[in-house]
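One structure is given below, encoded as structure tokens.
As a basis for the values below, the full set of heavy atoms in this structure was taken, side chains included, without hydrogen atoms, waters or symmetry mates. Every chain is numbered from 1 and lettered A, B, ... according to where its sequence line falls, protein lines coming before strand lines.
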2 protein chains.
Amino acid sequence: MASKLPVSLKDIAEAAGVSTITVSRALRGLPLVKPDTRKQITEIANRLGYVPNQVASSLRSRKTGLIAVIVPTVAGSIFSDTVNSISNELGKAGYQIIIGESSYDIDQEQAVLEALVQRRPDGVIIAGVNHTRTSRELLALMNVPVVEIWDMTDDPVDSVVGFSNRGAAYQFTLALIEKGYRKFAIASGPMEHRNRAQQRAVGHCEALAEKGLSSFGSIVIPHFMGMLSSGETLLKFVTDTSDVDCLFCTNELIAIGATVQCRRAGMRIPDDIAIVGFGNVEAALIIDPPLTTVTIHGAEMGREAARIVFECLSGKRDGHVSIDVGYTITWRGTA
Amino acid sequence: MASKLPVSLKDIAEAAGVSTITVSRALRGLPLVKPDTRKQITEIANRLGYVPNQVASSLRSRKTGLIAVIVPTVAGSIFSDTVNSISNELGKAGYQIIIGESSYDIDQEQAVLEALVQRRPDGVIIAGVNHTRTSRELLALMNVPVVEIWDMTDDPVDSVVGFSNRGAAYQFTLALIEKGYRKFAIASGPMEHRNRAQQRAVGHCEALAEKGLSSFGSIVIPHFMGMLSSGETLLKFVTDTSDVDCLFCTNELIAIGATVQCRRAGMRIPDDIAIVGFGNVEAALIIDPPLTTVTIHGAEMGREAARIVFECLSGKRDGHVSIDVGYTITWRGTA
DNA sequence: AGCATTTATGGTATCGATGTCATTCGGATC
DNA sequence: GATCCGAATGACATCGATACCATAAATGCT
């Protein structure tokens with residue numbers, strides 16, 4: 001309602017018998033303030049319980065100390081490593097993050113972006129490389145560092161820190177074929193033009209095609225479905241789809257759900273059916289058998305993205321960076 | 001660096017031939033603007049790509065639209081339901097949250113609070129009821145709604161939405177004794193004065209004492225340890241501590257880790273040893289056997305806290321609310 | 001001593017919006 | 001046509017800090 005705190009720079013200035021600007025300099029630790037003066041000002045500030053008003057500071061200095069982070073969702077563990085590492089990394093430098101959820105939808109993303117931009121963040125980190133035209137224009141207009149993450153592109157808004165979802169799925173599939181699997185089915189989240197699920201599916205299919213194989217089936221799991229209920233759906237799907245020997249899941253959560261439910265239904269994994277995930281979240285380690293998956297370096301992407309934003313803001317760099325952090329195929333028990 | 005967007009109210013005002021204040025009113029949807037004028041202004045605003053500057057608005061109106069949320073950690077799934085439901089609930093009303101992590105430490109909490117207060121949030125939601133003196137003073141000074149969550153207290157800063165950690169542990173332990181367990185050991189996160197781990201341990205011990213039982217041992221797991229490594233430590237602990245028939249864990253993550261590692265070591269659960277958790281996160285459902293635990297209504301607490309903040313801000317209510325959302329003992333396979 | 005620098009401080013405008021109060025306008029009323 | 005009233009608009013101050021430029025005091029140097 002009223003976020004008014006009673007003490008402002010002016011009050012301190014009056015109490016100390018100096019001008020507000022001197023107080024401002026003293027408290028910000030700028031040079032050119034006499035040590036005595038600074039000490040006295042600091043003391044008065046503490047005594048009065050002064051808390052700087054960052055809103056006023058932001059308005060005048062055009063620096064909010066805010067970095068906007070947009071991810072599809074913060075629920076579930078998929079993006080939490082990334083968000084945490086961004087937050088930790090930027091926190092060290094005194095930045096605060098404000099998070100927006102795009103809900104896997106570029107129009108929603110645009111709405112969220114527009115809301116966040118009103119707060120004039122000093123930088124933007126955004127998951128994905130596919131945005132509406134308006135979003136791209138807005139990002140460009142803002143004139144702040146922008147880092148797209150979790151994917152690669154030839155045509156970034158500014159900088160990019162990601163990996164090739166398509167390439168990872170392609171290589172992973174080749175490796176699975178190498179291991180002897182032949183009868184693949186694919187389970188995926190909703191696919192839209194050039195989103196990650198779609199790219200992964202494309203990579204998978206390319207590998208199949210290259211080896212002269214064709215898919216034994218596919219199923220789409222909606223976003224809001226929990227691990228166990230997607231697992232149920234997938235159990236039904238694989239028992240109904242005869243002859244599948246490997247279920248290729250384009251995201252980790254549905255792979256975990258499928259593994260748990262198939263095992264609870266008495267299937268032997270990977271003998272009756274192999275299941276592989278994509279992402280590697282912590283939960284993949286606690287199921288039996290632990291999940292074979294593609295490890296996405298979420299924390300690393302967050303860290304690098306944060307570093308780029310920070311370095312651009314401190315003038316050490318100019319943007320337009322592309323970093324491919326790669327991926328790691330992690331063999332565990334399910335394939 | 002420069003979050004400057006090129007178009008301000010003034011530009012629109014000039015283009016439309018009206019004053020800035022009229023533009024402001026038009027775009028905010030206030031009454032007393034002629035429909036024609038509004039339409040024209042809206043159109044110009046869109047054409048010029050105007051994005052309101054919330055920083056300036058916040059400064060003048062003393063409303064930032066920001067709610068500070070402080071939790072021990074956002075990593076892991078413990079508090080994510082709560083944070084998500086706060087965010088969703090307040091998002092509907094146009095508020096944005098800024099998150100701070102106290103790292104389970106009240107001095108750190110104070111530091112985080114001081115940082116967040118600089119942004120002049122319109123409200124504060126904070127996990128826990130035990131704060132430093134300075135934190136409490138600051139919260140009071142701010143003159144905004146404050147809701148403490150995840151615990152109960154007789155002496156809230158303002159409002160509270162929680163449950164009795166001690167009572168839950170007490171009742172749960174009684175129920176376990178009723179089920180036939182007698183030889184308890186306790187595994188806990190670090191305990192500090194009146195923190196949640198400590199309250200849960202106290203409740204547990206009270207129940208034991210009341211039934212004339214005494215603990216067979218206790219172990220503390222540091223915060224930063226992952227599920228599987230705490231599980232290893234606990235496996236060693238229970239095999240070294242003879243005769244324990246039920247491991248009472250004061251948090252969910254260590255219970256899951258313990259269950260997974262004990263089972264992988266070939267122990268039968270709950271026959272060789274029962275293990276119970278506290279919290280109920282999604283991962284508790286995917287292990288075998290699924291974890292018996294106390295379900296904490298994290299999303300409900302978040303929703304209620306958000307509702308209180310919102311209602312206070314819209315003048316429908318005056319603060320000083322206490323809500324006990326209770327807890328639910330959830331029997332599954334591990335006890 | 002005289003002058004150039006550096007150090008320390010202050011005055012004032014400004015960031016971009018909104019609160020407050022004043023003013024204008026159009027039409028209804030008599 | 002004069003008066004009144006509410007609808008529509010505007011002028012101005014202000015939120016709390018910082019940028020920018022000016023100035024005073026202290027120091028260095030020849």
Side-chain atoms of N53(A) come closest, of dA17(C), dT9(C), dA17(D), to dA17(D)

L113(A) and L139(A): CA distance, side-chain angles, deciding distance, side chain to side chain contact (heavy atoms under 4.5 Å, CB included) verdict
CA-CA 9 Å; L113(A) 179 63; L139(A) 287 169; 3.9 Å; yes

R38(B) side chain near dA7(D) phosphate (N/O to OP1/OP2, under 4.0 Å)
no

Between T132(A) and S135(A), is any side-chain donor less than 3.5 angstrom from a side-chain acceptor?
yes

dA17(D), dC20(D), dG19(C): which one has an atom nearest the side-chain heavy atoms of I21(A)?
dC20(D)

Does the side chain of Y50(B) get closer than 4.0 angstrom to OP1 or OP2 of dA17(C) through an N or O atom?
yes

Just compare dT9(D), dT18(D), dT18(C) and give me whichever is closest to any side-chain atom of R28(A).
dT18(D)

Within the pair S61(A) and dT18(D), is there a side-chain N or O less than 4.0 Å away from OP1 or OP2?
no

When rounded to whole Å, the NZ to C1' distance for the pair K63(A) and dA17(D) reads 13 Å

Do any side-chain atoms of residues 29-47 of chain A form donor-acceptor pairs under 3.5 angstrom with protein atoms, and if so which ones, sequence neighbours left out?
residue: R38(A); atom: NH2; partner: L30(A); partner atom: O; Å: 2.4
residue: T42(A); atom: OG1; partner: R38(A); partner atom: O; Å: 2.6
residue: N46(A); atom: ND2; partner: T42(A); partner atom: O; Å: 3.4

What I want to check is whether the side chains of H131(B) and E109(B) have a donor and an acceptor closer together than 3.5 Å.
yes

Over 60° means perpendicular and under 30° means parallel, so tell me whether Y95(B) and F310(B) are parallel, tilted or perpendicular.
perpendicular

With sequence neighbours excluded, tell me which residues meet side chain to side chain donor-acceptor pair (under 3.5 Å) with T20(A).
none

Under 3.5 Å, is there a donor-acceptor pair linking the side chains of S102(B) and Q108(B)?
no

Five-pair end axes of the helix from dA1(C)-dT30(D) to dC30(C)-dG1(D) and the angle they enclose, rounded to 10°:
40°

Counting any heavy atom closer than 4.0 Å, what does V55(B) reach on the DNA or RNA strands: base, sugar-phosphate only, or nothing?
nothing

Does dG19(C) have OP1 or OP2 sitting under 4.0 Å from an N or O in the side chain of R25(B)?
no

Just how far, in rounded Å, is P of dT14(D) from CG of L9(B)?
20 Å

Rounded distance (Å) that lies between atom P of dT24(C) and atom CG of L32(B):
18 Å

When the distance from NZ of K10(B) to P of dT14(C) is rounded to whole Å, what number comes out?
9 Å

Can you tell me the distance, in whole Å, between the CG atom of L30(A) and the P atom of dT7(C)?
14 Å

I want to check one thing: is the phosphate of dA17(C), taken as OP1 and OP2, less than 4.0 Å away from some side-chain N or O of S57(B)?
no

For D36(A) and dA26(D), give me the distance from atom CG to atom P, rounded to whole Å.
13 Å

Which nucleotide sits closest to the side chain of R60(B): dG10(C), dA8(C), dT18(C)?
dT18(C)

How many whole angstroms separate atom CZ of R120(B) from atom C1' of dA17(D)?
11 Å

Roughly, in whole Å, what's the span from CG in L59(A) to P in dA17(D)?
12 Å

So does R62(B) get a side-chain nitrogen or oxygen closer than 4.0 Å to the phosphate oxygens (OP1/OP2) of dG16(D)?
yes

Any T22(A) side-chain N or O less than 4.0 Å from OP1/OP2 of dG10(C):
yes

Which part of the nucleic acid, if any, lies within reach of T37(A) when heavy atoms closer than 4.0 Å are counted: base, sugar-phosphate only, or nothing?
sugar-phosphate

Using a strict threshold of under 4.0 Å (side-chain N to carboxylate O), is an ion pair present between K316(B) and E311(B)?
no

